[in-house]
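Not measured: the values here are computed from a predicted model. Atoms considered below: every heavy atom in the structure, side chains included; atoms not considered: hydrogens, waters and symmetry mates.
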Amino acid sequence: LGRVVNKLAEGGTFKKVDIELSGSFARTYRGHGTDRALLAGIMGYHSYNEEIRNALQIAKDRGIDYRFIEKDIPGAHPNTARIHYVLENGQKGVMEGASIGGGNIRVDSVNGMRVDFTGENNTVLVLHKDKPGAIAEVTQIMYEKYKDLNIGNFRLSRKEKGGEAMMMLELDQAPPEGMIEDLNKIRNVERTVLIRALG
């Protein structure tokens with residue numbers, strides 16, 4: 001879950017991180033090392049990195065202001081984390097997801113918009129204005145230039161009609177060089193983020 005937040009930050013430097021933990025996460029996060037694992041992932045470490053055990057100190061050394069907050073999130077999976085972050089450049093974001101067992105995760109929302117992906121596949125998030133033709137322009141360029149890619153899962157989410165919206169595309173293959181840049185050039189697309197398969 002922390003590594004998804006790291007990908008959403010696109011290489012930005014974290015300034016502040018608030019990690020809300022719900023259900024059993026809230027009760028066991030210290031003893032099970034969930035706090036260190038989440039923070040390590042946010043900083044870009046993999047689950048096999050030895051630095052995880054020192055993640056709290058590493059974050060302090062990097063000047064990251066972090067807090068763990070026990071919070072009841074109604075209707076959430078028992079192992080849910082909601083991570084709010086602020087980058088040095090002022091960019092803010094929030095991601096909510098759950099640890100669903102066996103080392104697997106499920107991401108439920110990004111910046112308040114519903115998504116549903118596991119990180120097992122390459123996932124492209126396209127933040128865009130909810131305007132007529134926006135989806136068609138994205139799918140058209142995918143068809144014209146990247147027709148060898150197969151979209152295994154597609155979801156559209158929006159906060160309100162005509163406002164911010166997000167397309168989520170889970171791909172069966174790794175996207176080729178240049179695809180994210182091409183999507184970012186599309187009218188009404190504000191930002192495209194690639195979350196490479198976390199395996």
Can you measure from [atom1] ([X]) to [atom2] ([Y]) and round to the nearest 0.5 angstrom?
X: M113; Y: M168; atom1: CE; atom2: CE; result: 13.0 Å
X: R191; Y: Q91; atom1: CZ; atom2: CD; result: 4.5 Å
X: D172; Y: N121; atom1: CG; atom2: CG; result: 6.5 Å
X: K16; Y: R67; atom1: NZ; atom2: CZ; result: 4.5 Å
X: I195; Y: N122; atom1: CD1; atom2: CG; result: 10.0 Å

Side chain to side chain donor-acceptor pair (under 3.5 Å) against R106, all qualifying residues, sequence neighbours excluded = D108
Listed by chain and number, what are the side chain to side chain donor-acceptor pair (under 3.5 Å) partners of E181, not counting sequence neighbours?
-> none
Side-chain hydrophobic cluster, 4.5 Å single linkage: members besides V124 = V126, I135, V138, I141, M142, Y146, L149, I151, F154, L156, M167, L169, L171, M179, I180, L183, I186, V189, L194
Backbone N or O of K159 within a donor-acceptor pair of the E164 side chain at under 3.5 Å?
-> no
Got a donor-acceptor contact below 3.5 angstrom from the N184 side chain to the T192 backbone?
-> yes
Could you list all the ring-ring contact (aromatic ring centres under 6.0 Å, His included) pairs where at least one residue sits in residues 67-93, not counting sequence neighbours?
-> F14-Y85, Y29-F68, Y66-F68
Using salt bridge (Lys or Arg N to Asp or Glu O under 4.0 Å) as the criterion, list what pairs up with E51, not counting sequence neighbours.
-> none
For residues M95 and V115, determine if any side-chain heavy atom of one lies less than 4.5 Å from a side-chain heavy atom of the other.
-> no
Provide the full list of salt bridge (Lys or Arg N to Asp or Glu O under 4.0 Å) pairs with a residue in residues 143-156, sequence neighbours left out, each pair given once.
-> K145-D182
Should L127 and V94 be counted in the same cluster of Ile, Leu, Val, Met, Phe, Trp and Tyr side chains packed under 4.5 Å apart?
-> no
Shortest non-hydrogen contact from I52 to R36?
-> O-CB, 3.4 Å
